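Contents: one structure, followed by commentary.
What you see is a predicted model; the values in this text were computed from it and never measured. The chains referred to below are lettered A, B, ... by the order of the sequence lines, with proteins before strands, and numbering in each begins at 1.
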Protein chains: 2
Amino acid sequence: MKLSDIGEFGFIDRIAPLGLIRPAKVIRGIGDDCAVVRIDEDTCLLVTTDLLIERVHFYRSWGSANILGRKSLAVNISDIAACGGVPKDAFVSIGIPEDVEVEWLDDFYDGLAGLAREYGVNILGGDTTRSLADIVINVAITGVAGCNETLFRDTAKPGNILALTGPTGLSAAGCDLLLRGEAPPGHWVETLKAAHLNPRPHVKEGRFLAASHACTAAIDISDGLSSDLNHICTQSNVGALIFEDKLPIHDALLEAASYLGRDPLEWLLHGGEDYALLACLRPDAFPAVKASAAERGLQLIAIGVIEETPGMRLQRGDGHVEALTGGGWNHFRGRNGKFGGIEIRP
Amino acid sequence: MKLSDIGEFGFIDRIAPLGLIRPAKVIRGIGDDCAVVRIDEDTCLLVTTDLLIERVHFYRSWGSANILGRKSLAVNISDIAACGGVPKDAFVSIGIPEDVEVEWLDDFYDGLAGLAREYGVNILGGDTTRSLADIVINVAITGVAGCNETLFRDTAKPGNILALTGPTGLSAAGCDLLLRGEAPPGHWVETLKAAHLNPRPHVKEGRFLAASHACTAAIDISDGLSSDLNHICTQSNVGALIFEDKLPIHDALLEAASYLGRDPLEWLLHGGEDYALLACLRPDAFPAVKASAAERGLQLIAIGVIEETPGMRLQRGDGHVEALTGGGWNHFRGRNGKFGGIEIRP
């Protein structure tokens, strides 16, 4: 059987039951952004890991080793953020082909260590080895959170407000510009490329949401808004309605759509690797939480509601409601026919 | 600058100082088998990670996916064992080329989960992604140990007895047989191949040594006896004397040496991936600890002593003492001229 027959998430469903043989203290295993294990009565340890492979997740030519180092750590910190945690200690494995020079690696670690410093993260270990073909980077990271303040994907409730902590689609548009290889000069081009190459993990936002006690569920936008919302819906046994006219469209996205002749909504709904958080909040608490977020300089953009009826729906600007399918990234299948044909995860 | 100019350990020295920006609670960072972080007054969290890449660390044709799954976890559990810890939760990242079928992956995870069950280890997460060229496997694992019972490399003391918890060289001989591709039938061939493909992490031995409070330092034999002893010596600022006639030579090693026309001592001293532990013990306590180990069915084979004079020395059977250099595996440089020319880490 080919992996493409069952897809990445089918494969994860297949291996998930194997893992838990000693359930004591384990609050979450496979299937969320982080595993969560109780350390003591109040404190939980979060652990997550991400594998990046050259020509699948990045091309060396797209940017400096420095920002690749930053991103390698950022995508892991984002998983800790999605669970409401504080990132702590990182472990960096790297497989290095012969043509990579020490100077490249120095720059890579300089970027990685720079982001680590910004987020108070130690780099405490790892593994270095040769690779014959591609650069291979795996980062594993720990974090901590109060056990009563961890955020999960499967706890959304009907009536919850769906909110984003930042715009989506910029990273996918930036990726498409990078794949194209040429772009006109312009601040918007730099904005989109930077969104893809140098994403910011929303740790402050995750901590704020967790501490608000009004957030019932959260996820980070790594696969794409529609795909990650689909994870929340299927794992929480709920549905969702998104309002097109509430979706935050960044000016740079409009510029790119015009330049590339594309619908910006496709990037916004189905592009991945934005690393904003998608949160579900109790509707009674939402106004106060949003105001409190604003006071801290944090965004909380309501884009829809959680509903009892399964499935995802999009209400267009004219009031028409249509079905929304998870069109984000799925390894082994690629995007669900939306962008198709590119090698790179958006 | 080429990585081969500075070698794997030169590279690790280069990145190690970058990592520690928040030293509170961190007992060990980069440079030992595990990172060690204090959880509470008595308990420490151990974390380690290992990256295995096809054609560098293994060939798919050498054995079943099942034993590759076992080994991927075993090499990580061994690092926890070397620090005297109990392995807890594993996180498995895998990069999968298109020609790998779901059945191969099922067998891989079946083997990995089987070893996990044997050692009480949960598989709580990971990452699955495509790879264009090679299978890539990264396992990160946590463990726990009493903070006053963790074993390190840099705490050996002159006068300590050097002891192995099992024979060495079998894995490297097995690797050479696998590289050769043909071997006569014989139990010894199976023993050596199994030593390479399906190693046993010495968790019981590590726990026993840590609890004895007579063990001052330990390491697992992953790079090779001479290379791993060299880590202990340089990091502890001591030297060592090994007695040739105390080294445990397994019968299968003699068979392989005769068949391949090789000196078994080369495998024994410089071959890696045996995953026995090399421990340093207080000489006054050694006889009682060895007897106590034997009662539990554990081996503790005295092979030498730690000395004040830096450097490593080998006393041959005839009493002649010669310098011993770390000839084990060094990524980016290969073995130090001992075996040369093979692609695979032994």
Verdict with supporting geometry, A:Asn138 and A:Ser93, side chain to side chain donor-acceptor pair (under 3.5 Å): CA-CA 5 Å; A:Asn138 192 89; A:Ser93 301; 4.9 Å; no
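- Listed by sequence position, A:Lys88, A:Asp89 are the residues of residues 81-90 of chain A in contact with chain B, using a 4.5 angstrom heavy-atom cutoff.
- No donor-acceptor pair closer than 3.5 Å links the side chain of B:Thr49 to the backbone N or O of A:Phe91.
- Ion pairing between a basic and an acidic side chain is recognised when a charged N comes within 4.0 Å of a carboxylate O; A:Lys2 and B:Glu98 show no such pairing.
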Residues B:His196, B:Trp62; criterion side-chain contact (heavy atoms from CB on, under 4.5 Å); working and verdict: CA-CA 10 Å; B:His196 184 73; B:Trp62 278 8; 3.7 Å; yes
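- Between chain A and the residues B:Val121, B:Asp134, B:Asp40, B:Val92, the largest count of heavy-atom pairs under 4.5 Å involves B:Val121.
- The residue among A:Val100, A:Ile123, A:Asn122 with the most heavy atom pairs within less than 4.5 Å of chain B is A:Asn122.
- A donor-acceptor pair under 3.5 Å links the side-chain atoms of A:Thr234 to the main chain of A:Asn230, judged by distance alone.
- Between chain B and the residues A:Val144, A:Asp106, A:Leu45, A:Thr142, the most heavy-atom pairs under 4.5 angstrom are made by A:Asp106.
- Side-chain atoms of A:Thr43 do not come within 3.5 Å of backbone N or O of A:Ile39 as any donor-acceptor pair.
- Only the backbone of B:Ala116 comes within less than 4.5 Å of a heavy atom of chain A; no side-chain atom from C-beta onward does.
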Working for side-chain contact (heavy atoms from CB on, under 4.5 Å), residues A:Asp33 and A:Asp220: CA-CA 8 Å; A:Asp33 287 302; A:Asp220 67 331; 3.0 Å; yes
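- The residue among B:Asp99, B:Val37, B:Leu51 with the most heavy atom pairs within less than 4.5 Å of chain A is B:Leu51.
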Full working for side-chain contact (heavy atoms from CB on, under 4.5 Å) between B:Ile12 and A:Thr128: CA-CA 8 Å; B:Ile12 292 171; A:Thr128 59; 4.1 Å; yes
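- Of the two parts of B:Leu112, neither the backbone nor the side chain holds a non-hydrogen atom closer than 4.5 Å to a non-hydrogen atom of chain A.
- When heavy atoms are compared at a cutoff of 4.5 Å, A:Arg22 approaches chain B by way of both its backbone and its side chain.
- When each of B:Arg117, B:Glu54, B:Arg28, B:Glu101 is checked for heavy-atom pairs under 4.5 Å with chain A, B:Glu101 comes out on top.
- Not one N or O on the side chain of B:Glu273 forms a donor-acceptor pair closer than 3.5 Å with the backbone of B:Ala172.
- Chain B forms more heavy-atom pairs under 4.5 Å with one residue of A:Val36, A:Ile30, A:Asp110 than with any other, namely A:Ile30.
- In terms of the ring-ring contact (aromatic ring centres under 6.0 Å, His included) criterion, B:Phe152 has no residue partners (sequence neighbours excluded).
- No donor-acceptor pair closer than 3.5 Å links the side chain of B:Tyr275 to the backbone N or O of B:Asp79.
- Highest contact tally toward chain A, considering only B:Gly120, B:Ala133, B:Gly95, is held by B:Gly120 [criterion: heavy-atom pairs under 4.5 Å].
- Only the side chain of A:Ile15 has a heavy atom closer than 4.5 Å to any heavy atom of chain B.
- Taking 4.5 Å as the limit, some side-chain heavy atom of B:Ile77 sits within range of a side-chain heavy atom of B:Leu115.
- If you tally non-hydrogen atom pairs under 4.5 Å between each of A:Val47, A:Val26, A:Thr48 and chain B, the highest count goes to A:Val47.
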